[in-house]
Amino acid sequence: MQTLLCIISKMRKEYNQKKESQILKNLDIYKNQDFSFKNGRIIGSMCTQPLPIAKKAYIRFLETNLGDPELFPGTKEIEIRYISFLKKLLNAPKQSSGIIGTGGTESNIIAIWLAKNLSSKREIIIPKTAHFSFQKIVSLMDIKLIPVNLTKKYHMDILDVKNKIDNNTAAIVGIAGSTELGTIDPIPELSDICKDENIFLHVDAAFGGFIIPFLKKIGYNVADFDLKLKGVSSITIDAHKMGCSAIPLGSLIIREKKWLDKISVETPYISSKKQAGILATRSGAPVAAAYAVSEYLGMQGYKRIVQRCMDTTNYAQKKIENMGLNLITNPTMNILAIKLKKPSVVVYNLTRFGWKVNYMSRFSAIRIVLMPHITKRIIDEFIPYLRKACESAGESISY
Ligand code: 0PR
């Protein structure tokens, strides 16, 4: 009897192992259809390959739930520490706080939700370069976007901002690293306006948050954009973009912790009394990963990455301009927007050659983003394909 049970158990184990390896094999078939960061062929995305330490940390925390922090006090401690790191990075005052979520969209939603509840007003003044997450916010909430004109350099026009402020203004949004061009709005000027007029100023630094602090340190002339400016109320910053960590991880840093009451509900039957933000059950895995990356890299590590990305950006810019192509604007950060007559055809051709760049219809351009996984060697491989893609689209290029 004992032997029979042993045999059955052994057979079951073997069957399960076989099943598991078959499922994983099938998953690999799908995975192999994907483009990958590893070989550099994803050259237009704002995400990158997470650092190896992020992967290791992520797996360790798979079962954790920060929606019920008393069950996972250690993971909660990691989150507190990660928020402290972000507060330091963004020059946030002592009384500030943070909400960790899934990415830039969620943080922007929370920021506007907060501004609306703090002011009981409905209008959000916003640049035309703002990310489409704000369109989602209009659809989700009873608010109205008031678009502001751009200057020739694609920055928010401050005069137009002043003209658009009225009794219904709940918030002004400035972008620090716009999605299509990487431009930075004049945040110090916006901060002065918002301080004087007592208006909530949200800075969307989903992409730029992990770049701008280091651009300054390596000698680029960029203005202040963070909570050092007294008029800035909140900042979106994403670890799953230039933070080099795993998806999904975005954060919102808020100037006053007490404001969280405006976006909190009572949670009678879980370990915390109140919960702020949108999500309830949420994984601690991406938080552990982002914290691990921040500990691993430190400020010096991020600085080195930004330096490398900017070197690659300057290298790519020269090659592209030498080809006779023009950029929409001189890059502020590691984004190049190449003006073309038929950008969609060029994107189509590049996809056929195995390269993924982004098509930007609004600017008649394609976007390449020089993320950490893009090296000068990859640019050298890419340029002949870009030339070929442009030639066959009938773009005028020089030889
Ligand atoms: N704010 C800004 C300035 C952004 O650029 C983005 C995303 C968001 C908010 C929203 O962030 P989540 O996507 O994290 O919610 N910008 C990227 C873009 O549209 C998102 C992205 C990333 C798209 C990688 C494609 C991709 O492959 O380009």
Side-chain angles (χ1 to χ4, degrees), residues 34-38 40-50 90 99-113 124 126-140 145 150 154-156 171 173-185 187 202-212 225-226 234-253 277-279 282 286-287 289-290 328 331-337 343 347 350-351 355-363 365-374:
D34 294 349
F35 283 80
S36 86
F37 292 113
K38 206 164 144 199
R41 292 311 188 255
I42 303 178
I43 197 168
S45 163
M46 285 187 158
C47 292
T48 191
Q49 204 177 23
L90 299 173
I99 296 183
I100 308 280
T102 52
T105 300
E106 187 185 332
S107 299
N108 287 343
I109 292 172
I110 298 172
I112 301 307
W113 178 21
I124 312 292
I126 195 159
K128 290 179 176 160
T129 41
H131 183 258
F132 57 74
S133 48
F134 291 95
Q135 303 297 333
K136 297 188 182 183
I137 296 170
V138 171
S139 179
L140 278 168
L145 296 184
L150 301 175
Y154 301 97
H155 299 147
M156 256 175 132
V173 175
I175 316 293
S178 63
T179 309
E180 286 151 306
L181 305 175
T183 46
I184 307 175
D185 287 322
I187 310 294
H202 173 59
V203 176
D204 182 355
F207 186 67
F210 275 101
I211 304 173
I212 303 165
F225 77 108
D226 63 21
S234 62
I235 301 192
T236 290
I237 174 169
D238 285 0
H240 68 206
K241 296 189 171 74
M242 278 295 288
C244 300
S245 195
I247 297 169
L249 202 286
S251 311
L252 181 72
I253 302 297
I278 295 171
L279 302 177
R282 63 191 172 92
V287 183
I328 300 274
T332 310
M333 51 188 73
N334 48 335
I335 296 180
L336 297 175
V347 169
L350 281 170
T351 304
W355 294 87
K356 267 320 223 187
V357 303
N358 290 60
Y359 166 44
M360 301 192 297
S361 54
R362 185 159 38 157
F363 292 101
I366 60 169
R367 178 187 77 174
I368 66 170
V369 188
L370 292 303
M371 293 299 286
H373 64 279
I374 305 294

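Both ligands and their constituent atoms are indexed starting at 1 by order of listing. Quick caveat: nothing in here was measured; it's all calculated off a predicted structure. Computed over heavy atoms, backbone and side chain alike; hydrogens, waters and symmetry mates excluded.
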Taking the non-hydrogen atoms of Glu180, is any one of them nearer than 4.0 angstrom to ligand 1?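 In this structure, Glu180 fails to qualify as a contact of ligand 1 - no heavy atom is under 4.0 Å.
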For ligand 1, is Glu106 a contact, meaning one of its heavy atoms is under 4.0 Å away? no
Location of contacts on [X] toward ligand 1, heavy atoms closer than 4.0 Å:
| X | value |
| --- | --- |
| Asn108 | side chain |
| Asp204 | side chain |
| Thr102 | neither |

Which one of [options] has a non-hydrogen atom at the shortest distance from [atom]?
| atom | options | answer |
| --- | --- | --- |
| atom 12 (P) of ligand 1 | Met371, His131, Lys241 | Lys241 |
| atom 16 (N) of ligand 1 | Arg367, Lys136, Met46 | Met46 |
| atom 24 (C) of ligand 1 | Gly104, Ser133, Ser45, Gly208 | Ser45 |

What atoms in ligand 1 come closer than 4.0 Å to a heavy atom of Gly177?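 Listed by number with element: 3 (C).
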Side-chain heavy atoms of Ile212 within contact of Asp226, under 4.5 Å: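 Result no, sub-4.5 Å side-chain heavy-atom pair not found.
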Counting distance only, does the side-chain N/O of [X] pair as donor-acceptor with the main-chain N or O of [Y] below 3.5 Å?
| X | Y | answer |
| --- | --- | --- |
| His373 | Ile42 | yes |
| Ser107 | Thr236 | no |
| His240 | Leu249 | yes |
| Arg282 | Thr102 | no |

